[in-house]
Amino acid sequence: MVGGRGRGSNLRALVAEFNGDASVSVVSVIATASDSPALEWAEGQNLRTAAIPPRPSETYASRLLEHLHGVEWICLAGYLNLLPPEVLAAFPGRILNIHPALLPKFGGKGMYGLHVHSAVLAANETVSGCTVHYVSEVYDEGEVLAQATCPVMKTDTPETLAARVLRLEHLLYPEAVRFAIERARA
Ligand code: GRF
């Protein structure tokens, strides 16, 4: 599941990882807006796609659950909303998210995109990275599954740090998703 403005680079990394895999496949992509670049890319890939806006909120959970029929795991990437409790309950321990910093630092509502990397630089951190975590009812607070680190350079801008972390995300997320699924099936 991706946000409305999601580039979908993590989605592409996941699709590449599981392409041709006999036991795991990416089947469906849901975005919060129909003009999401990630959704446009997915439409060309033989993937089931849906634009499901969070409003009206009264029907959001049922619209999501209808589309998620047959899906076993949900991976969020650039999805900025909280998932409805009904969806969390329907996928216990089977929803993952990637965050572009080392949680529990630099997470929470409003901590997305360049805001995260600006905060890391403002805090004079020398190390940053990304975190894959299970999704709960609170932003960025579910159990951490995996983290990867990279240096923060003195010359970094939020943009250069974001690019370094994103390269790491594309390595970590597919590996962490595979690990979580295999562990749950063992
Ligand atoms: C990533 O930086 C991810 O950590 C965050 O949102 C961004 C999504 O990027 N949650 P992309 O759409 O996968 O390129």
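Read the numbers this way: they start at 1 and go in the same order the structure lists the ligands and their atoms.
Not a single heavy atom of V2 sits under 4.0 Å from any atom of ligand 1. Ligand 1 lies within reach of G8, whose nearest heavy atom is under 4.0 Å from it.
Residues H115 and Y112 bring their aromatic ring centres within 6.0 Å.
Shortest contact from atom 5 (C) of ligand 1 to any protein heavy atom: I98 O, 3.7 Å.
Of the polar atoms of G6, none of the N or O atoms is found under 3.5 Å from an N or O of ligand 1, judged by distance alone. Looking at ligand 1, you won't find any N or O of L166 less than 3.5 Å from one of its N or O atoms. Ligand 1 has no N or O atom lying under 3.5 Å from any N or O atom of N97, backbone or side chain.
With hydrogens and angles left out, the side-chain atoms of H67 and S28 include a donor and acceptor closer than 3.5 Å.
You'll find the side chain of E125 reaches within 4.5 Å of the side chain of F106, heavy atoms only.
The existence of a salt bridge linking R178 and D21 is confirmed by a sub-4.0 Å separation between a basic side-chain nitrogen and an acidic carboxylate oxygen.
Between V2 and A38, the closest heavy-atom pair is CG2-CB, 3.8 Å.
Using modelled atom types, no side-chain atom of T160 and backbone atom of D156 make a donor-acceptor pair closer than 3.5 Å.
The residue from R12, H117, E169, R7 that puts a heavy atom closest to atom 9 (O) of ligand 1 is R7. With atom 11 (P) of ligand 1 as the reference point, the heavy atom nearest to it among A38, S36, S9, G78 is part of S9.
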